[in-house]
**Q** 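Take a look at the following structure, please.
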2 protein chains.
Amino acid sequence: MPHTLETGLEALRIVMNALVTFTDAEWADIASRWQYRYLPKGEHQIVPGQTEEYIYFIISGATRIYHITPKGEDVTLAFSYDNTFTGDYGSFLTRRKATFYNQAVSDCHMLRCNYKDITELHDRYQKMERWTRLGLEDLLVGMLVRQVEMLSAPAEERFARLLKQSPHCFQLYTQKHIASYLGIQPETLSRLKRRMASETQDARNVILSGAEGHKTQD
Amino acid sequence: MPHTLETGLEALRIVMNALVTFTDAEWADIASRWQYRYLPKGEHQIVPGQTEEYIYFIISGATRIYHITPKGEDVTLAFSYDNTFTGDYGSFLTRRKATFYNQAVSDCHMLRCNYKDITELHDRYQKMERWTRLGLEDLLVGMLVRQVEMLSAPAEERFARLLKQSPHCFQLYTQKHIASYLGIQPETLSRLKRRMASETQDARNVILSGAEGHKTQD
DNA sequence: ATCAAAACTTGATCTACATCAATGCGCAGC
DNA sequence: GCTGCGCATTGATGTAGATCAAGTTTTGAT
């Protein structure tokens, strides 16, 4: 079994070290507070009404954070996959009830750490506080970029940018979910795909490999 | 003159204390690093290409953070006013060149603190690190709410919500800027206003008082 | 392998909002 | 006080994307 607590912690340490370097002693304490967690495809990590108790680190797998509006519309807010964090941050941070769903779209091997432990780590290590601050800063900058895009760029451009920056998403997620992330209908995304495939090579590569898997010819 | 460094620091302390309580000694150190700054109406606090050196706290006045897209479109990202912070956080935090403008839309009395001082405070006081973390958390939660709205709610609903939650914005900012914040054209906002004024009392109060100042009747 | 349920595609319309254009209003500078 | 010039309003028209409605293909469970 390739995804154990130990291999997960190794991956986690590498990711966390990108922002702050922890000593072995510090790391031992931090690592001891994470536990392995398996979430099979289709299951929800959290649904609205619950309070988010954990922050998750995905060792392998993919989840989708989404929201159902009062009118029943499904809105995708974020994608999470290997070596990224997930969970309803808003609920976790504020201790209020979650407003988002977080669903595994493929079998997920994850690590998780609960609120109490995260809080203790924040109290005990200034570096941990800093790690969270730096992480939030990155998240914030990313959200600002996305906000500008949503306000100014037309659908085709938003699609093109996702295609360029996160082509793997087209393998991991369905068109429906990608469409709702882009703020358009699946039909519109389908038409965009065709139009762009006939125009740019880039689009063809990503779109076709996603749709046909390892098929080589017809 | 009502807006001095001292009165500003008092206001700042109250706002910062909402998240973390600082001792008098800590506060003395923190306060010593802020300086008074006046920015007259129309002037820019920062423009793209510069690196943001300061975080600003607005004692009184209002600014607008916006972005000009490659196609020349003006997109409003955020409004800042009395007792809120402003600046290009992205640039300040990452030390990369700013991509946003921040312009005073009325005479602004502010405090500011430079990057070096903020960094020293972060190094010196875990509480300061925590204050920033908690502030970023609040910001993040607010942005998530806005993101959901932009993706799912139609223009009329976004307008209604801004009207309800930040009615003062309709006094501080022009229709053009509010429209670009909502992701619509000024003409559309104008039509929305009229339609809603004929339907709800709420809309009438806010919109009319904004448009007509202290005029009482016609 | 078989079958049902999803997902994707494609076409025909519809609509919210953009765009273009003209007019009126309000405020800053002379 | 005039005088512009930017802002708001209003109308006419255009369009990107939504919606509705079949089809087809893919997936997954038995």
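Convention: sequence-line order gives letters A, B, ...; per-chain numbering from 1.
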**Q** To the nearest 0.5 Å, what is the distance between CG (B:N83) and OG (B:S60)?
**A** 9.5 Å

**Q** Are B:Y115 and B:Y54 an aromatic pair by the rule of ring centers under 6.0 Å?
**A**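 Centroid distance B:Y115-B:Y54: not below 6.0 Å, so no.
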
**Q** Please give, in whole Å, the distance from C:dA7 P to A:R194 CZ?
**A**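 Going from A:R194 (CZ) to C:dA7 (P), I get 21 Å.
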
**Q** On DNA chain C, does the nearest nucleotide to B:R195 precede the nearest nucleotide to B:K41 from the 5' side, or the other way round? Give the residue.
**A**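 Residue closer to the 5' terminus by nearest nucleotide: B:R195.
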
**Q** Please determine whether a side-chain nitrogen or oxygen atom of A:K193 lies at a distance below 4.0 Å from atom OP1 or OP2 of C:dT9.
**A**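 So the side chain of A:K193 is within the cut-off, an N or O lying under 4.0 Å from OP1 or OP2 of C:dT9.
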
**Q** Closest approach to the side chain of A:K176, judged atom by atom: which nucleotide of D:dG11, C:dC17, C:dC8 is it?
**A**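 Within the option list, the nearest is C:dC8.
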
**Q** Side chain of A:P154 only, please: which of D:dG17, D:dT10, C:dA18 is the nearest?
**A** D:dG17

**Q** In terms of side-chain heavy atoms of A:A155, which of C:dC17, D:dC7, D:dG17 is nearest?
**A** D:dG17

**Q** Under 3.5 Å, side-chain donor or acceptor atoms of residues 137-146 of chain B against the rest of the protein: list the pairs with distances, not counting sequence neighbours.
**A**
from	atom 1	to	atom 2	distance (Å)
B:E137	OE2	B:R133	NH1	2.8
B:R146	NH1	B:Y181	O	3.3
B:R146	NH2	B:Y181	O	3.1

**Q** Determine the minimum heavy-atom distance between A:E52 and A:S91, stating which atoms define it.
**A**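 Result for this residue pair: N-OG, 2.9 Å.
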
**Q** Under 3.5 Å, sequence neighbours excluded: what are the donor-acceptor pairs made by side chains of residues 65-73 of chain A?
**A**
from	atom 1	to	atom 2	distance (Å)
A:Y66	OH	A:H44	NE2	2.6
A:H67	ND1	A:T99	O	2.9
A:T69	OG1	A:K71	N	3.4
A:T69	OG1	A:E73	N	3.0
A:K71	NZ	B:E157	OE1	3.1
A:K71	NZ	B:E157	OE2	3.0

**Q** Tell me, please, which residues at least two apart from B:F85 pass ring-ring contact (aromatic ring centres under 6.0 Å, His included).
**A**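 B:F85: ring-ring contact (aromatic ring centres under 6.0 Å, His included) contacts with B:F57, B:W131.
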
**Q** Strictly under 4.0 angstrom, non-hydrogen atoms only: write out the protein contact profile of nucleotides 19-25 of chain C, one letter per nucleotide from the 5' end, B, S or -.
**A** BB-----

**Q** Using five base pairs at each end to define the local axes, how bent is the helix from C:dA1-D:dT30 to C:dC30-D:dG1, to the nearest 10°?
**A**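 Computed angle between terminal axes is 60°.
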
**Q** Using OP1 and OP2 only, check whether a side-chain N or O of B:R158 sits under 4.0 Å from C:dC17.
**A** no

**Q** Provide, to the nearest angstrom, the distance between the CD atom belonging to B:Q175 and the P atom belonging to C:dC27.
**A**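 Those two atoms, CD and P, are 14 Å apart.
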
**Q** Could you check whether A:F170 and A:F159 have their ring centres less than 6.0 Å apart?
**A** yes

**Q** Examine the side chains of A:S180 and A:H177 and answer whether a donor and an acceptor come within less than 3.5 Å of each other.
**A**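 Side chains of A:S180 and A:H177: no pair found under 3.5 Å.
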
**Q** Check side-chain contact (heavy atoms from CB on, under 4.5 Å) between A:L172 and all other residues, then give those that pass, not counting sequence neighbours.
**A**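 If we apply the side-chain contact (heavy atoms from CB on, under 4.5 Å) test to A:L172, skipping adjacent residues, the hits are A:A62, A:Y81, A:H168.
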
